[in-house]
Enquirer: 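Structure incoming, see below.
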Amino acid sequence: VRVVSDPLALRAELDRERSSGRSVGFVPTMGYLHDGHVSLVTPARQNNDVVVVSIFVNPLQFGPNEDFEKYPRDDARDNAICESAGADIIFRPDVSTMYGNGEQFTVDVGRIGTVLEGASRPGHFNGVATVVAKLFNIIGPCRAYFGQKDAQQLAVIRRLVDSFNIPVDVIGRETIREEDGLAMSSRNVYLSDEERRRSVALFQGLMLVKEEFERGITDSPSLVHAAEMHIRKASIEIDYIRIADPETFQELPEAKSGAVIVGAVRVGATRLIDNVTI
Ligand code: PAF
């Protein structure tokens, strides 16, 4: 795998690939890669001629009191994981390459950026959409792969591509979980052993909602209440548990098939999110 940091040189190289009929698959990441990322690189490898993984901890999507500074980083390990997953190129720009003097325009994602994860993290989705628009322009991927774990992010990316007519096929892939059900995340490294054991209650709570829905209960507040009880029993602080439309992320008073149960919690100092589709 080759590491590249110059956007224009990369764009020129990938333009040559595409004009000789070769497809480009792209997996955007913030590094500290785990099996969830590998599950995106694998189909990218299977279905494209050239596979690019970007590794960039994007300051624009972190709030002022969030974990940008301490976000886990391990370049050597990430390189090895990309190599063994079959990536051809790692795009690892630095912050000044991506944002210059900070005078650049940004993307405003509108209403979807103000609800749920967007309400808890103001500006987060504008930061995500801005960096992904830039990465799409630098790489020009035919297909781009995102994890369903960040369900609202995936909806934002789909809308971004639609809004700006970006010619890329956005592919969402199922969440990869630890054996007990905890969704894989680079942030899981923050958890102590004891917090790690308790943290599975989030996924269990979301699954309880799904089970109750399958038993015929559709009233969202009652469904959510069962999950909240379960999660609180594990001494986990809830940010939100809601049932939402999978495209707009507006809350649904009545659950329906295809809806997404989204949850965000704090286990100690660590914020975790997860979701389950019903
Ligand atoms: O999901 C992530 O890792 C990031 O939000 C992304 C899509 C790479 C944008 O920085």
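Every number for a ligand or one of its atoms is a count from 1 in the order of the listing. Computed from heavy atoms alone, side chains included, the values below leave out hydrogens, waters and symmetry copies.
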Enquirer: Could you find the nearest protein heavy atom to atom 2 (C) of ligand 1 and give me its residue, atom name and distance?
Expert: Gln153 NE2, 3.9 Å

Enquirer: For Glu66, I'd like to know if atom CD has over 12 heavy atoms of other residues, nucleotides or ligands within 6.0 Å.
Expert: yes

Enquirer: I need the atoms of ligand 1 closer than 4.0 Å to a non-hydrogen atom of Val131, numbered in the order shown.
Expert: 9 (C), 10 (O)

Enquirer: In terms of ring plane angle, is the pair Phe56 and Tyr99 parallel, tilted or perpendicular, where the classes change at 30° and 60°?
Expert: tilted

Enquirer: Could you pull out all donor-acceptor pairs under 3.5 Å where a side-chain atom in residues 203-210 meets a protein atom, sequence neighbours excluded?
Expert:
residue : atom : partner : partner atom : Å
Gln204  : OE1  : His230  : NE2          : 2.9
Lys210  : NZ   : Thr277  : O            : 3.0

Enquirer: In Å, rounded to the nearest 0.5 Å, how long is the span from OG of Ser186 to NE2 of His34?
Expert: 4.0 Å

Enquirer: Working to the nearest 0.5 Å, report the span between OG1 of Thr29 and CD1 of Ile55.
Expert: 4.5 Å

Enquirer: Identify the closest protein heavy atom to atom 10 (O) of ligand 1: which residue and atom is it, and at what distance?
Expert: Gln61 OE1, 2.6 Å

Enquirer: I need the atoms of ligand 1 closer than 4.0 Å to a non-hydrogen atom of Thr29, numbered in the order shown.
Expert: 8 (C)

Enquirer: Going by the order shown, which atoms of ligand 1 are within less than 4.0 Å of some heavy atom of Pro28?
Expert: 8 (C)

